[in-house]
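One structure is given here, and the rest of the page talks about it.
Given the structure is predicted, the values throughout are model-derived calculations rather than measurements.
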Amino acid sequence: MKPKTILIAAGGTGGHLYPAIAVAEELKRIHPEIRIIFVGTRDRIESREVPRAGYPFYPLAIEAPGNSLKSLLLFPGKLAKAVLDCIKLISRERPAAMLGGGAYLSIPAGIAAWAFHVPIALLEINSVAGTANKLLARLADKLFIAYPESRESFPKRVAGSATVSGTPVRADLGSERISHKEARNTFGLDPERTTVLVFGGSLGARAINEAMQIIAGNLVAHGCNVLWQTGKSANVSELIAEFVNIPNVRVLEYIYEMETAYRSADLVVCRAGASSLAELSRLGKPAVLIPYPHAAANHQETNAAAFERDGAAILLRDPELKEKLKPTILELIQNEERLHAMSDAIRRRDNPDAARLVAEWLVGRK
């Protein structure tokens, strides 16, 4: 009997991609013989990370329409081409079900799946639903949401039966395969020092990078290690050159060993994307959350504010960073009792069954 195939359309950002990979890993755990294929854009994070994870990857020439007239005029043609490519793929692979992860690239895959009567599940990990999921919800069979309030954004047909699953996180995240000290050694950091992990997403965050450029050396002078992912948008070669002779600052464009990086950290400074928040919750990592100010409906600030209310994180906004980031970090790392309390609070937000709930629905389709 031919193994069942599941189609996953996710990517554009790590926030959309990594929860989908977590579902794929759970699918493999439940049914090792299952075949999982991904579609995504050819030049974004999924083009690197999906093959690294061991799954077949089929690139699409599609992206969200920009604000320019040219971009808007070209979008329908690109969408039509992407739909045709997905129709060819689905006709050949005959998936039993499809999972849409929320990016624009999931729209052509969803249209093609609907045309072939392939059951469609959508995963919405943000408190404010994204445009792609709201559009595809008209064709979808099942909705999984991380925040109950996002239910209001969807048609009653799927909203009424939506499952509040939380955000899927990789099962092995937090398995503590190595110690804090071993993790720090991996990055060439002093294993005895308190460690601050800083990242702004796969593309980086200018405001975070500019603030860290000012304060990283001072944090080291106060006894810290700094593990800093700059992202693709930064001039990483210049930053590496600037800090190469400062011990205990490790500057990287991208951290592939993210689980090890988390393990090394006593405090995390990052954006407030839903995927990052889910990982922090799984690991119980205290955080300084810096919401991306241009997120749809400012949902990252909504997310971060909820974590701050729970005592799990501190919220700072981009314009505040140069003045407040250093004293905030120093105050936290010098208060071990507060860090422990924040760790307990953020761990209570973990949803360990999220990936399983999505995976079981997908494998249950005929």
Side-chain angles (χ1 to χ4, degrees), residues 1-62 85-86 88-90 92-103 105-106 109 113 118 121 123 125 144 165 167-178 183 186 199 201-202 229 232 252-263 275-276 278-279 282-283 352-365:
M1 183 177 176
K2 185 179 178 181
K4 183 177 289 188
T5 297
I6 303 296
L7 171 64
I8 298 179
T13 66
H16 286 128
L17 178 64
Y18 289 123
I21 290 179
V23 172
E25 290 177 353
E26 183 66 12
L27 284 166
K28 279 292 190 181
R29 190 192 67 79
I30 297 172
H31 290 288
E33 75 284 357
I34 205 165
R35 186 162 185 266
I36 302 164
I37 58 176
F38 277 76
V39 295
T41 44
R42 65 180 74 249
D43 58 351
R44 300 297 289 272
I45 186 172
E46 61 270 24
S47 66
R48 303 188 306 272
E49 291 299 290
V50 170
R52 273 175 57 88
Y55 302 107
F57 176 72
Y58 298 90
L60 301 175
I62 187 69
D85 288 343
C86 289
K88 292 175 184 176
L89 176 65
I90 290 174
R92 183 174 70 249
E93 299 290 344
R94 296 292 176 175
M98 174 201 146
L99 175 65
L105 63 91
S106 64
V118 175
L123 177 60
I125 63 172
F144 293 92
S165 62
T167 301
V169 174
R170 300 186 307 279
D172 62 351
L173 190 68
S175 57
E176 300 188 7
R177 289 175 292 186
I178 60 174
T186 299
F199 62 93
S202 56
Q229 176 184 287
K232 188 177 181 180
L252 298 165
E253 179 180 316
Y254 191 78
I255 300 174
Y256 287 101
E257 308 86 2
M258 201 62 193
E259 183 178 354
T260 305
Y262 278 129
R263 185 69 181 146
S275 182
S276 295
E279 292 174 348
R282 173 63 51 86
L283 294 164
D353 295 328
R356 179 185 59 80
L357 291 169
V358 181
E360 286 181 348
W361 188 91
L362 292 169
V363 296
R365 302 313 101 191

Subject >> Side-chain donor/acceptor of Lys4 to backbone N/O of Val363, under 3.5 Å >> reply: yes

**OP:** Measure from NZ or CZ of Arg48 to the centre of the six-membered ring of Tyr254, then state whether that distance is under 6.0 Å and the direction lies within 45° of the axis.
**Re:** yes

Original post:
Which heavy-atom pair separates Val39 from Ala9 by the least distance, and what is that distance?
Top reply: CG2-CB, 3.5 Å

Original post:
Just checking, any donor-acceptor pair under 3.5 angstrom between side chains of Glu257 and Thr186?
Top reply: no

Subject >> Donor-acceptor pair, side chain of Ser47 and main chain of Arg42, under 3.5 angstrom >> reply: yes

Subject >> Ion pair Arg170/Glu259, N-O distance below 4.0 Å >> reply: no

Original post:
Are the side chain of Glu279 and the backbone of Val169 linked by a donor-acceptor contact shorter than 3.5 Å?
Top reply: no

Original post:
Within the distance-only criterion (no hydrogens, no angle test), does the side chain of Arg44 pair as donor or acceptor with the backbone N or O of Gly12 below 3.5 angstrom?
Top reply: yes

Subject >> Min side-chain heavy-atom separation Pro3-Ile34 under 4.5 Å >> reply: no

Original post:
So, for Phe38 and Phe57, is the gap between ring centers shorter than 6.0 Å?
Top reply: no

Original post:
Using 4.0 Å as the upper bound for N to carboxylate O, is an ion pair formed by Glu26 and Arg29?
Top reply: yes

Subject >> NZ/NE/NH1/NH2 to OD/OE distance under 4.0 Å, Glu49 and Arg52 >> reply: yes

Original post:
How many angstroms lie between CD in Gln229 and CD1 in Ile255, if you round to the nearest 0.5 Å?
Top reply: 5.0 Å

